S.K.: 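Submitted below is the structure of interest, expressed as structure tokens.
Quick note on labels: first sequence line is chain A, next is B, and so on, each numbered from 1. Worth saying up front: this structure is predicted, and the values here are computed from it rather than measured.
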Amino acid sequence: MSDTVTGEPPRTMIRLDRVSKAYPGLDAAAVADLSLEVYAGEIVVLLGPSGCGKTTTMRMINRLIEPTSGRVYVDGEDVTDVDADHLRRRIGYVIQQVGLLPHLTVGANIGLVPRTLGWPRSRIDQRVTELLELLGLDPDAYRQRYPKQLSGGEQQRVGVARALAADPPVMLMDEPFGALDPIIRDRLQDEFLQLQEKIRKTVVFVTHDIEEAIKLGDRIAVFRKGGQIAQFDTPARLLAQPADDFVASFIGSGGSVRLLGLQRVSELPLEPVATVDAATARSTGLDAEPAEHSVVVDAGRPLYWQRGGADRPMAVVRSTQTVFEALDTMLAAHDETALVLDEDGRIRGCLRAGTVMRHAHPDEVGRTASAVGPGGPGEWR
Amino acid sequence: MTVSSIEPSPNPTVPASTTVRPPRRLRHLSLADVIVTPAVLLAVLAALMVYLNSRELDDIEQRSINWPTISRLLVEHIQLVAVSSLLVIAIAVPTGVLLTRPALRHASGPILALANLGQAVPSIGVLVLLAVTVGTGFRMAIIALVLVAFLSVLRNTIVGLMGVDRALIDAARGMGLTKTRVLFLVELPLSVPVMLAGIRVALILNVGNAALASYTNAGGLGTLIQAGIALNRMPVLITGCVLAAVLALTLDWLAGVVERVVRPRGL
Ligand SMILES: Nc1ncnc2c1ncn2[C@@H]1O[C@H](COP(=O)(O)OP(=O)(O)O)[C@@H](O)[C@H]1O
Ligand SMILES: [Mg+2]
């Protein structure tokens, strides 16, 4: 997540300083006096309706479009006037149409930039293999294929691999999953997030899809017509506190509920749970009043809440699940308390609906468990 | 009990078993393509031989229909076609490239319109006009042939280059390939099929128009045709016509083979 949490000062990787772009023949500027900072290792999404200048803004970073005025900095260097071809070899570029060269094999497509940079043949081959594996494509099966022998999803995987070929620190992605059908798009988004966990690139990602922006963005810049930023914030704050009516209407309703989809159960304070062995529970019977949260277990496996009895369904969630999913599970079980297990299935505590209500605040989202979990500040405000 | 957990998204399923073999160059060529046309052409030549052998050729006919003469005219004809076609390619392709660069792109539309118009100009007119104004002989004929065939190659070069998917060029530029590299790696290879179609048309035009060049003293198979008409000798006329036609079809067939072989794979 964003560097602000870990306390390290964020390093700026891309900085747009009051850039403008006026296309000849158009009255209004496509992008007007825009400033934007992107930190190293984060995904910044440029979000907005079609024609509001997202692509223009993105293409001014690798100078496929030359700004009319303003400066562009990449990794601290003013690149406004440097050789554009050299600049672009340091910046990955992925577009919706993918743009694989149809007369070159997958391997040759991925190897294009390394070849341009004069890498030796063996190193290029090795890199191609590495990238195909990274993107989940079997190198033996895919490197000799031609683009038209691939599905749309596979083509865009190769597109991403090609952009990563020379290991650029920065990636520009213009609606890369926009042309894919929803199921494939969803899968590629998940894979992209997993990939980003590993490679930690600085990514500028253009989309007009608010759900995609919320899912992928560490921060989201919402554009309005004329290339102006209406709000630049984390997904959580965007959902909870849209800056104005334009942003609010673009985001749509239910912001607070959708916020829950961004929060992990592990980020909330859990309450302790007592365990009672199944055999003990039987012998004690129902005479003794059970402790508030005591769960009956059999060989470590949770069975039911001692209070509710064996017949009442119990809501059980993993700490890695989202709060949204936890609430959904609780609703389905008609239970206002959910038992929380860690990845290994061990009991971690329980989550109460009231806790969710009190902590549904954008500043809570994205925090680590240690910051707010048991032992941390229990209550927010 | 409702236990639910997020499954990590399944690994992209890779159909490892389906290893698609890259298309081979020669797969563009079927056996019929390679065999049928030459067989037909050989049959036509054989028929011509049979026809000529079945007749007693008189002195006048024998002066034209003999191997040294025919082979000399054939070579002259091929020279006319080869030189003019190579010149056309050497001039029209770079011109087409220039006219599709951003700085000149606005000019390519009008030039295309002009090219379409120019193709309607009768080539005999160009030949005669040049003969009258510039003079006669091999060089003049070459100039005329180049002028007539130029437009079809130029037109197809422009159309081919403009037809290359802009997204491909954008992606290639975005990766940091230079403009020159994009031209040679992306634009030219991808417009090869359209350009070759234009070159093929130019070849055929040149074979036919070279037959008219004999009227301007440039030699070639047209000499036989002209003599056949002037001396009223059917066998001479027929020999000239058939040989010119066979040459045109042979070159067309060759161009077709080349077209299939050099067409980029993966298209
Ligand atoms: N090459 C161009 N020439 C003229 N106008 C352009 C060009 N590219 C984009 N525009 C205009 O600039 C505005 C912003 O376009 P763009 O950046 O592509 O928007 P988005 O990516 O947000 O859809 C639009 O009004 C568009 O019509
Ligand atoms: Mg766009």
S.K.: What residue, out of A:Arg59, A:Arg89, A:Arg63, has the most heavy-atom pairs lying under 4.5 Å from chain B?
M.R.: A:Arg89
S.K.: Against chain B, label A:Leu100 side chain, backbone, both or neither, depending on which of its atoms sit under 4.5 Å from a heavy atom there.
M.R.: backbone
S.K.: Need one label for A:Val98: side chain, backbone, both or neither, based on atoms under 4.5 Å from any heavy atom in chain B.
M.R.: backbone
S.K.: For A:Arg312, is it the side chain, the backbone, both or neither that has a heavy atom under 4.5 Å from a heavy atom of chain B?
M.R.: neither
S.K.: Mind checking which of residues 161-171 of chain B sit less than 4.5 Å from chain A, heavy atom to heavy atom?
M.R.: B:Ala167, B:Leu168, B:Asp170, B:Ala171
S.K.: Quick one: which of A:His86, A:Gln97, A:Arg162 has the most heavy-atom pairs under 4.5 Å with chain B, could you say?
M.R.: A:Arg162
S.K.: Are more than 12 heavy atoms, taken from residues, nucleotides or ligands other than B:Phe138, located less than 6.0 Å from that residue's CZ atom?
M.R.: yes
S.K.: What residues of residues 172-189 of chain B sit under 4.5 Å from chain A when you count only heavy atoms?
M.R.: B:Arg173, B:Gly174, B:Met175, B:Gly176, B:Leu177, B:Thr178, B:Arg181, B:Leu185, B:Val186, B:Pro189
S.K.: Heavy-atom cut-off 4.5 Å, strictly under: side chain, backbone, both or neither for A:Ile91 against chain B?
M.R.: backbone
S.K.: Take a 6.0 Å sphere around CD of A:Glu336 and say whether it holds more than 12 heavy atoms from other residues, nucleotides or ligands.
M.R.: no
S.K.: Under 6.0 Å from the CZ atom of B:Arg105, do we count more than 12 heavy atoms belonging to anything else shown?
M.R.: yes
S.K.: For chain B, which candidate among A:Val94, A:Leu188, A:Asp335, A:Val113 shows the most heavy-atom pairs at distances under 4.5 Å?
M.R.: A:Val113
